[in-house]
Amino acid sequence: MNSIGATAQPDASGAPPKQMPYIPNLKLNDGNEIPMIGYGLGTANFKRNDSSFDQAIVDITVKAIKTGYFHLDGAEVYGNEEELGAAIKQAGIPREKLYVVTKLNPTKKQNTQEAFERSLKKLGLDYVDLYLIHAPYMADTPDELQTIWADLEAIKASGRARSIGVSNFLQEHLETILKTAKVTPAINQIEFHPYLQHSDLLDFHRRHRIAVSCYAPLTPITRQDAQGPVPEIWRRLATKYGVSESEIGLRWCIDQGLIVLTTSSKEDRLVKYLSKLPLFKLTPKEVEEVAEAGKTVHYRAFWRDKFDADDRR
Ligand SMILES: NC(=O)C1=CN([C@@H]2O[C@H](COP(=O)(O)OP(=O)(O)OC[C@H]3O[C@@H](n4cnc5c(N)ncnc54)[C@H](OP(=O)(O)O)[C@@H]3O)[C@@H](O)[C@H]2O)C=CC1
Ligand SMILES: O=CCc1c[nH]c2ccccc12
């Protein structure tokens with residue numbers, strides 16, 4: 001698979017123009033590669049209790065793919081796998097150039113193999129690049145979580161998911177599945193931004209060579225109630241590098257070796273991310289400055305009902 005496209009649209013084969021700068025893919029612990037920036041279908045474009053096909057989701061996703069977002073982050077619970085599948089077909093980029101992610105629905109008990117088959121069918125694909133357990137809370141006991149992980153291992157062994165991983169796992173959940181795992185998760189997809197840095201969890205990931213995919217990376221500027229010192233630093237760095245604050249926020253994840261997921265309703269923003277992000281890099285001192293300032297505030301945007309207000313894990 002090619003690295004993510006940069007300052008121009010990909011050519012007809014889906015390959016980014018060779019002379020353009022790009023963000024290299026990240027190599028996972030199973031040898032597969034993942035584009036370090038992904039386009040999420042879970043926030044702006046998920047469907048609430050509405051089963052009718054939504055062409056608007058297809059249209060914006062086709063635009064994102066044609067802009068060069070080849071890493072597409074979906075999930076069964078977002079209710080838009082059919083739209084994602086239609087967008088993949090319509091965009092006309094060869095399947096092997098894309099990196100398609102979906103996740104096991106955390107809100108209902110179901111047979112994992114059957115749920116996975118349904119996802120593949122809705123997506124119109126014969127394999128996904130990454131299949132995730134959406135959240136550990138779907139299991140009532142450690143045994144149950146280990147069983148679900150074994151189901152994912154069987155799916156990987158069948159070749160229908162090239163990589164398998166988890167999402168929203170804390171260290172205790174990872175330790176639970178690692179006790180019986182034959183395959184270490186390739187990725188843990190977690191909320192990650194300056195106001196939620198998860199104390200020791202990143203170290204644990206490094207020790208086990210589990211890559212981190214960051215969702216809600218722009219929280220300091222997208223959430224009214226996430227007040228703190230970070231936007232001012234992002235603004236200063238944005239001026240220094242001639243980019244937007246959002247681009248500083250995304251780069252802050254990438255410059256720590258982390259994959260980053262974002263979305264936008266604005267085509268212009270999506271285009272700029274791909275053209276600007278490969279052109280600059282934060283210094284280690286700047287990464288540290290944002291991290292230190294971020295640690296003075298604690299804010300969680302998702303899955304709040306699972307945590308006490310001051311729980312920073
Ligand atoms: N595994 C899980 O449990 C979860 C996974 N995810 C995944 O991660 C993806 C990304 O998460 P998301 O929270 O959307 O990511 P971001 O933190 O990147 O937020 C994206 C939003 O930021 C807005 N934005 C960008 N720049 C600015 C700015 N300067 N000022 C104000 N708003 C701005 C965009 O709005 P605009 O449209 O105006 O550009 C867009 O709606 C999801 O789509 C989903 O796929 C998300 C949550 C949970
Ligand atoms: O994955 C993101 C958070 C989330 C959890 N459940 C739902 C349902 C619909 C959209 C997003 C989410």
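Being a predicted model, the structure only gives us computed values, none of them experimental. All values below come from the heavy atoms of this structure, side chains included, with hydrogens, waters and symmetry mates left out.
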Participant: Determine whether His173 and Trp149 make a side-chain contact, defined as any pair of heavy atoms from C-beta on separated by less than 4.5 Å.
Facilitator: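 Not in contact.
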
Participant: For the atom pair NZ (Lys272) and OG (Ser246), what is the distance rounded to the nearest 0.5 Å?
Facilitator: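 These two atoms lie 10.5 Å from each other.
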
Participant: Give the minimum heavy-atom separation between Gly165 and Leu152, together with the two atoms involved.
Facilitator: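 Smallest heavy-atom distance, with atoms named: O-CD2, 3.7 Å.
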
Participant: Starting from Tyr127, can I reach Phe116 by hopping between I/L/V/M/F/W/Y residues whose side chains sit under 4.5 Å apart?
Facilitator: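 No, separate clusters.
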
Participant: Please report the shortest heavy-atom distance between Thr102 and Ala75, naming the atom on each side.
Facilitator: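 Nearest heavy atoms, Thr102 then Ala75: OG1-CA, 3.3 Å.
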
Participant: Does any non-hydrogen side-chain atom of Tyr137 lie less than 4.5 Å from one of Pro106?
Facilitator: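 Of all side-chain heavy-atom pairs linking Tyr137 with Pro106, none is under 4.5 Å.
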
Participant: Donor-acceptor pair, distance only, cut-off 3.5 Å: does the side chain of Asp255 make one with the backbone of Val287?
Facilitator: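 No: the side chain of Asp255 does not pair with the backbone of Val287.
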
Participant: For a quick check under 3.5 Å, do Tyr241 and Lys276 share a side-chain donor-acceptor pair by atom type?
Facilitator: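 No pair is found: no donor N or O on one side chain lies under 3.5 Å from an acceptor on the other.
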
Participant: How long is the gap from CD on Gln256 to CD on Glu288, to the nearest 0.5 Å?
Facilitator: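 So the gap between those two atoms works out to 8.5 Å.
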
Participant: Hey, can you tell me if Tyr299 and His193 have their rings parallel, tilted or perpendicular (30° and 60° cut-offs)?
Facilitator: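 Tilted: the ring planes of Tyr299 and His193 meet at 30° to 60°.
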
Participant: Taking Asp54 for the side chain and Lys47 for the main chain, is one N or O donor matched with an acceptor at less than 3.5 Å?
Facilitator: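 No.
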
Participant: With side chains defined as the heavy atoms from C-beta onward, is the minimum distance between Pro194 and Trp234 less than 4.5 Å?
Facilitator: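 Pro194 vs Trp234: side chains touch.
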
Participant: Mind listing the closest non-hydrogen atom pair of Ala186 and Asp30 along with its distance?
Facilitator: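 Shortest heavy-atom separation between Ala186 and Asp30 comes out as CB-OD2, 4.1 Å.
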
Participant: Do Thr296 and Pro229 come within less than 4.5 Å of each other through their side chains, counting heavy atoms only?
Facilitator: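 Side chain of Thr296 against side chain of Pro229, heavy atoms only: contact under 4.5 Å found.
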
Participant: Rounded to the nearest 0.5 Å, how far apart are CG of Asn25 and CD1 of Ile37?
Facilitator: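 CD1 of Ile37 is found 12.5 Å from CG of Asn25.
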
Participant: Among Tyr215, Phe302, Trp252, exactly one meets ring pair (Phe, Tyr, Trp, His ring centres under 6.0 Å) together with Phe192. Which residue is that?
Facilitator: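 That would be Trp252.
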
Participant: So, does Asn188 use its side chain to make a donor-acceptor pair with the main chain of His205 at under 3.5 Å?
Facilitator: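 No; zero donor-acceptor contacts below 3.5 Å.
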
Participant: Going by an N to O cut-off under 4.0 Å, is there a salt bridge joining Asp140 and Lys109?
Facilitator: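 Salt bridge present between Asp140 and Lys109.
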
Participant: What's the separation between atom OG in Ser163 and atom CG in Leu132, rounded to the nearest 0.5 Å?
Facilitator: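 Atom-to-atom, Ser163:OG and Leu132:CG are 9.5 Å apart.
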
Participant: Pair Lys122, Glu76 - check salt bridge (Lys or Arg N to Asp or Glu O under 4.0 Å), show working.
Facilitator: CA-CA 9 Å; Lys122 285 190 212 152; Glu76 206 248 296; 3.7 Å; yes

Participant: Does this structure show an ion pair linking Glu292 with Lys295, if we count only N-O contacts that are shorter than 4.0 Å?
Facilitator: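 A salt bridge is present here (some side-chain N lies under 4.0 Å from a carboxylate O).
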
Participant: Do the side chains of Ile155 and Val166 join up, straight or via other hydrophobic residues, at under 4.5 Å, putting them in one cluster?
Facilitator: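 As far as the 4.5 Å side-chain criterion goes, Val166 and Ile155 are connected within one cluster.
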
Participant: Find out if a path of hydrophobic residues (ILVMFWY) with successive side-chain heavy-atom gaps under 4.5 Å connects Leu41 to Leu270.
Facilitator: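 Leu41 clusters together with Leu270.
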
Participant: Run the side-chain hydrogen bond (donor to acceptor under 3.5 Å, both in side chains) check on Thr61 and Glu83 step by step: do they pass?
Facilitator: CA-CA 8 Å; Thr61 307; Glu83 285 83 354; over 6 Å; no

Participant: Between Asp151 and Tyr131, do the side chains contain an N or O donor and an N or O acceptor separated by less than 3.5 Å?
Facilitator: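 There is no such pair (donor and acceptor under 3.5 Å, judged by atom type) between the side chains of Asp151 and Tyr131.
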
Participant: So Leu125 and Arg95, side chain to side chain contact (heavy atoms under 4.5 Å, CB included) or not? Walk me through it.
Facilitator: CA-CA 9 Å; Leu125 300 176; Arg95 169 67 186 93; 3.7 Å; yes

Participant: Do Leu104 and Gln110 have side-chain heavy atoms sitting under 4.5 Å apart?
Facilitator: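 Contact flag for Leu104/Gln110 side chains = yes.
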
Participant: Heavy-atom distance under 4.5 Å between the side chains of Leu282 and Val290, does that happen here?
Facilitator: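 Answer no - side chains too far apart.
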
Participant: Could you check whether atom NZ of Lys306 has more than 12 heavy atoms from other residues, nucleotides or ligands sitting under 6.0 Å from it?
Facilitator: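 Yes, enclosed.
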
Participant: Using only heavy-atom distances, determine whether the side chains of Glu144 and Thr147 contain a donor-acceptor pair under 3.5 Å.
Facilitator: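 On atom types as modelled, these side chains do not qualify, holding no pair under 3.5 Å.
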
Participant: Return the CZ to CZ distance between Arg300 and Arg223, rounded to the nearest 0.5 Å.
Facilitator: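 So the gap between those two atoms works out to 12.5 Å.
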
Participant: So, Arg236 and Glu289, do they make that salt bridge, N to O below 4.0 Å?
Facilitator: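 Answer for the salt bridge query: yes.
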
Participant: Kindly say whether Thr283 contributes a backbone atom to a donor-acceptor pair with the side chain of Glu286 at under 3.5 angstrom?
Facilitator: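 Side chain of Glu286 to backbone of Thr283, a donor-acceptor pair under 3.5 Å: yes, one is there.
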
Participant: If you measure from the Lys or Arg side-chain nitrogens to the Asp or Glu carboxylate oxygens, is any gap between Lys266 and Asp268 under 4.0 Å?
Facilitator: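 No.
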
Participant: Which atoms form the tightest heavy-atom contact between Ala86 and Phe53, and what is the distance?
Facilitator: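 That would be CB-CZ, 3.8 Å.
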
Participant: Of all the heavy-atom pairs spanning Trp303 and Ala135, show the shortest one and how long it is.
Facilitator: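 Nearest heavy atoms, Trp303 then Ala135: CH2-CB, 3.7 Å.
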
Participant: Checking side-chain polar atoms at under 3.5 Å, does Asp73 have a donor or acceptor matched by the opposite partner on Gln189?
Facilitator: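 Judged by distance alone, the side chains do pair up.
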
Participant: Do Tyr99 and Leu261 sit in one hydrophobic cluster, given that two such residues count as connected whenever their side-chain heavy atoms are within less than 4.5 Å of each other, even indirectly?
Facilitator: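 As far as the 4.5 Å side-chain criterion goes, Leu261 and Tyr99 are not connected within one cluster.
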
Participant: Measure from the ring center of Phe204 to the ring center of His198 and say whether it is less than 6.0 Å.
Facilitator: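 No - the distance between ring centres of Phe204 and His198 does not fall below the 6.0 Å cut-off.
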
Participant: Pair up each side-chain donor or acceptor in residues 174-183 with any protein partner under 3.5 Å, not counting sequence neighbours, and list the distances.
Facilitator:
from: Glu175; atom 1: OE2; to: Gln171; atom 2: NE2; distance (Å): 2.9
from: Thr176; atom 1: OG1; to: Glu172; atom 2: O; distance (Å): 2.9

Participant: Looking at His71 and Met36, would you say the former's side chain and the latter's main chain have a donor-acceptor pair under 3.5 Å?
Facilitator: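 No, because the side chain of His71 does not come within donor-acceptor range (under 3.5 Å) of the backbone of Met36.
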
Participant: Do Ile133 and Leu170 sit in one hydrophobic cluster, given that two such residues count as connected whenever their side-chain heavy atoms are within less than 4.5 Å of each other, even indirectly?
Facilitator: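 In one cluster with Ile133: Leu170, no.
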
Participant: To the nearest 0.5 angstrom, please state how far the CD1 atom of Ile34 sits from the CD1 atom of Ile259.
Facilitator: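 Atom-to-atom, Ile34:CD1 and Ile259:CD1 are 4.0 Å apart.
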
Participant: Would you call Arg313 and Asp308 a salt bridge, using N to O less than 4.0 angstrom?
Facilitator: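 Judged by the 4.0 Å cut-off on N to carboxylate O distance, Arg313 and Asp308 do not form a salt bridge.
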
Participant: Just one of Leu72, Val100, Val101 clears the side chain to side chain contact (heavy atoms under 4.5 Å, CB included) bar with Asp129, so which one?
Facilitator: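 Option passing the side chain to side chain contact (heavy atoms under 4.5 Å, CB included) with Asp129: Val100.
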
Participant: Please step through side chain to side chain contact (heavy atoms under 4.5 Å, CB included) for the pair Lys156 and Glu153, ending with a clear verdict.
Facilitator: CA-CA 5 Å; Lys156 178 172 164 61; Glu153 290 177 327; 5.7 Å; no

Participant: Minimum heavy-atom separation for Ile233 to Ala293, with atom names?
Facilitator: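 That would be CD1-CB, 3.4 Å.
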
